[in-house]
Asker: 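This structure is in structure tokens; I'll ask about it shortly.
Residue numbers start at 1 and run along the sequence shown. Computed from heavy atoms alone, side chains included, the values below leave out hydrogens, waters and symmetry copies. Counting starts at 1 for both ligands and their atoms, following the listed order. Model, not experiment: these values are computed from the prediction.
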Amino acid sequence: MAGGLLEEIRFLGDARPGSITATRGRCGNPRCHCHQPGDPGHGPNFRLTFKRGGKTVTESFPTEAARRKAEREIAAFRRWQQLSREFVEVNTEICQRRPVEESLSEQKTRRRSSRKSAGK
Ligand SMILES: [Zn+2]
């Protein structure tokens, strides 16, 4: 099961954290339609925001294709987060189920100490 998860992580492709938000707004021209009451304004304008070095970075998309590319990359990142959570869960379970296997040196130490206590 863990192998299948790893396989899926391997083929996720480019991934990046972040989110895309759509904004609408009014421009600086008071005679523009966007200043009319009830007008939804310009847009939507899509922005990509993500954290870099603890700061929030905002980027706009030069093209529609650039936005779609970022959408794919963000989706891949979310999938990666989900898969890595599953991976950790599966591994925690494996760790809990795996019996304690003592190394040879530990067994020797224990045998010696038990012999000592038996001779007392
Ligand atoms: Zn306007």
Asker: Is Ser19 close to Arg78 at the side-chain level, that is, under 4.5 Å between some pair of heavy atoms?
Answerer: yes
Asker: Strictly below 4.0 Å, N to O, side chains only: are Arg85 and Glu89 in salt-bridge contact?
Answerer: no
Asker: Using side-chain heavy atoms (C-beta onward) and a distance below 4.5 Å, is Phe50 in contact with Thr56?
Answerer: no
Asker: Can you list, pair by pair, the side-chain donor-acceptor contacts under 3.5 Å of residues 8-16, counting residues two or more places apart and other chains?
Answerer:
| unit_1 | atom_1 | unit_2 | atom_2 | d |
| --- | --- | --- | --- | --- |
| Glu8 | OE1 | Arg79 | NH2 | 3.4 |
| Glu8 | OE2 | Arg79 | NE | 2.9 |
| Glu8 | OE2 | Arg79 | NH2 | 2.7 |

Asker: Ignoring hydrogens and geometry, is there a side-chain-to-backbone donor-acceptor pair from Arg26 to Cys34 under 3.5 Å?
Answerer: yes
Asker: Under 2.8 Å from the Zn ion (ligand 1), how many protein N/O/S atoms can be counted?
Answerer: 4
Asker: Given 3.5 Å as the limit, does a donor-acceptor pair link the side chain of His42 with the main chain of Thr23, or not?
Answerer: no
